[in-house]
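Quick note on labels: first sequence line is chain A, next is B, and so on, each numbered from 1.
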Protein chains: 2
Amino acid sequence: METRIDRIKKQLHAASYKLTPQREATVRILLDHEEDHLSAEDVYLLVKDIAPEIGLATVYRTLELLTELKIVDKINFGDGVSRYDLRQEGAAHFHHHLVCLECGAVDEIQEDLLEDVEAVVEKRWNFQIKDHRLTFHGICWRCHDSGPNKPEKDA
Amino acid sequence: METRIDRIKKQLHAASYKLTPQREATVRILLDHEEDHLSAEDVYLLVKDIAPEIGLATVYRTLELLTELKIVDKINFGDGVSRYDLRQEGAAHFHHHLVCLECGAVDEIQEDLLEDVEAVVEKRWNFQIKDHRLTFHGICWRCHDSGPNKPEKDA
DNA sequence: TTTATTATTTAGAATCATTCTTAACTGGTA
DNA sequence: TACCAGTTAAGAATGATTCTAAATAATAAA
């Protein structure tokens, strides 16, 4: 069966890049840490375990390449560090984030909630939307007064 | 009549900070450059004209202070530089941005388009929203195939 | 007023994330 | 074999931001 790695390899080849061992190791780390919002440094430390000879600059270059190919999303929560998320396969857009001001947790919303808003923006502001970034800042269900009350699973 | 500067002064005093000459000069620059998305460096260069003795660190500290008091919004378009916008008086939220991938222009949407979406998020993800950041990436009306066609004035 | 206290500032050093440079290495190909 | 484009590691360089130390200004107390 074709794995996610195989498909990423194809995407790279289609853009005439190779899936070198360093790149593969980096992608494996991202696959093992979906939803973890790793920084380049985080990825570097993790990938060193499975590919000790890799350099930080290579990790940066790989993440940049994957970002260009829209395999990963580079996000920025304003703390001065870029974070990298594997994009859902087939997803056309960034997913959204919920950042808790209390505990710092970052949760994800995979569902695209912006269809209606985008229709309005495209029409009213005459702007062709290619992508979006939406982050909510607030208090997560874990830190709530109303007590821990896990939300329904993301639809 | 009470000016915007006067009101900002009051806000500072309420939080037991002073509106020093350096801070006032910085605020004046921000007032003269609304919608310009200035970086700290930009502000520094501009403010030096009216207060030559000011230091870059002071500009950073002032912008940080104003951000804490929600007088300015610190935004980040992913180019590694923080930008600072005076928040609309009385606005509870960040305004939204349209970033053109073609020409790099950044337009603003003052109107809050997210009320419905926020209601959904608060309920479904059990998350108390305090603020949000929404940026659309795409092609602006100036760069469009359909030709320059300025959007209606922001409602 | 003088003195003590505190907040604020400047200048420049320090830090931290990120990118660049150089030389070495790889795989494919003529 | 020699060549060539792509890729890499190591460390230097860059650039934004923050910290440090000493100076200054404002405020309160005596």
S.K.: What's touching nucleotides 15-17 of chain D from the protein side, N or O pairs under 3.5 Å?
M.R.:
{"unit_1": "dT17(D)", "atom_1": "OP1", "unit_2": "Ser82(B)", "atom_2": "N", "d": "3.0"}
{"unit_1": "dT17(D)", "atom_1": "OP1", "unit_2": "Ser82(B)", "atom_2": "OG", "d": "3.2"}
{"unit_1": "dT17(D)", "atom_1": "OP2", "unit_2": "Tyr60(B)", "atom_2": "OH", "d": "2.4"}
{"unit_1": "dT17(D)", "atom_1": "O5'", "unit_2": "Tyr60(B)", "atom_2": "OH", "d": "3.2"}

S.K.: For Phe77(B), is the CZ atom crowded, meaning more than 12 foreign heavy atoms sit under 6.0 Å from it?
M.R.: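 Yes, the 6.0 Å shell around CZ holds more than 12 heavy atoms from other groups.
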S.K.: On DNA chain C, does the nearest nucleotide to Glu64(A) precede the nearest nucleotide to Ile54(B) from the 5' side, or the other way round? Give the residue.
M.R.: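 Of the two residues, Ile54(B) wins.
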S.K.: Is Ile75(A) reachable from Val99(A) through a run of I, L, V, M, F, W or Y residues, each pair having side-chain heavy atoms under 4.5 Å apart?
M.R.: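 Linked within one cluster.
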S.K.: Does the side chain of Arg28(A) reach to within under 4.5 Å of the side chain of Ile5(A), using non-hydrogen atoms?
M.R.: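 The answer is yes, as the side chains (C-beta and beyond) meet within the 4.5 Å cut-off.
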S.K.: With a 4.0 Å cut-off on N to O distance, would you call Lys9(A) and Glu24(A) a salt bridge?
M.R.: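 Glu24(A) and Lys9(A): not salt-bridged.
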S.K.: Can you check the Leu63(A) CG to dT7(D) P distance for me, whole Å?
M.R.: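 Roughly 15 Å, once rounded to whole Å.
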S.K.: Are the side chains of Phe136(A) and His97(A) in touch, meaning some heavy atoms are under 4.5 Å apart?
M.R.: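 A side-chain contact is absent here, since even the closest heavy-atom pair is not under 4.5 Å.
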S.K.: Honestly curious: do Val72(B) and Leu134(B) fall in one hydrophobic cluster under the side-chain, below-4.5 Å linking rule?
M.R.: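 Different clusters: Val72(B) never reaches Leu134(B) through Ile, Leu, Val, Met, Phe, Trp or Tyr contacts under 4.5 Å.
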S.K.: According to the Watson-Crick and G-U wobble definition with distances under 3.5 Å, which dot-bracket string, read 5' to 3', encodes DNA chain D, using [ ] for crossing pairs and | for pairs with another strand?
M.R.: ||||||||||||||||||||||||||||||
S.K.: Taking the six-membered ring for Trp, are Tyr84(B) and His37(B) closer than 6.0 Å centroid to centroid?
M.R.: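 Distance test on ring centres: not under 6.0 Å, no.
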S.K.: Do the side chains of Val81(B) and Val43(B) join up, straight or via other hydrophobic residues, at under 4.5 Å, putting them in one cluster?
M.R.: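 Cluster IDs for Val81(B) and Val43(B) differ.
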S.K.: Just how far, in rounded Å, is P of dT7(D) from CD of Glu53(A)?
M.R.: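 That distance rounds to 16 Å.
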S.K.: Taking only residues two or more places apart in sequence or in another chain, which ones pass ring-ring contact (aromatic ring centres under 6.0 Å, His included) with His132(A)?
M.R.: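 His93(A), His96(A).
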S.K.: Residues in side-chain contact (heavy atoms from CB on, under 4.5 Å) with Glu53(A), at least two apart?
M.R.: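 With sequence neighbours excluded, Glu53(A) shows a side-chain contact (heavy atoms from CB on, under 4.5 Å) to Gln22(A), Ala51(A), given in chain and number order.
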S.K.: Side chains of Phe94(A) and Asp85(A), heavy atoms from C-beta outward: is any pair under 4.5 Å?
M.R.: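 Of all side-chain heavy-atom pairs linking Asp85(A) with Phe94(A), none is under 4.5 Å.
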S.K.: Looking at Arg124(A) and Asp107(B), is there a salt bridge between them, counting it only when a charged N and a carboxylate O are closer than 4.0 Å?
M.R.: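 Result for this pair is no, no salt bridge flagged.
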S.K.: Nearest heavy atom decides the nucleotide; on that basis, is Arg61(B) or Arg61(A) closer to the 5' end of DNA chain D?
M.R.: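 With Arg61(B) and Arg61(A) compared, the 5'-side residue is Arg61(A).
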S.K.: Quick check on contacts: within residues 13-32 of chain B, what sits under 4.0 Å from DNA chain C by heavy-atom distance?
M.R.: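 Within this stretch, Tyr17(B), Lys18(B), Thr20(B), Gln22(B), Arg23(B) sit under 4.0 Å of the strand.
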S.K.: Is there side-chain contact between Lys130(A) and Leu101(B), with at least one heavy-atom pair below 4.5 Å?
M.R.: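 Touching, per the 4.5 Å side-chain cut-off.
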S.K.: For chain B and DNA chain C, what are the first and last nucleotides along the strand, 5' to 3', with at least one atom under 4.0 angstrom from a heavy atom of the protein chain?
M.R.: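 Footprint of chain B along DNA chain C, 5' to 3': dT8(C) to dG12(C).
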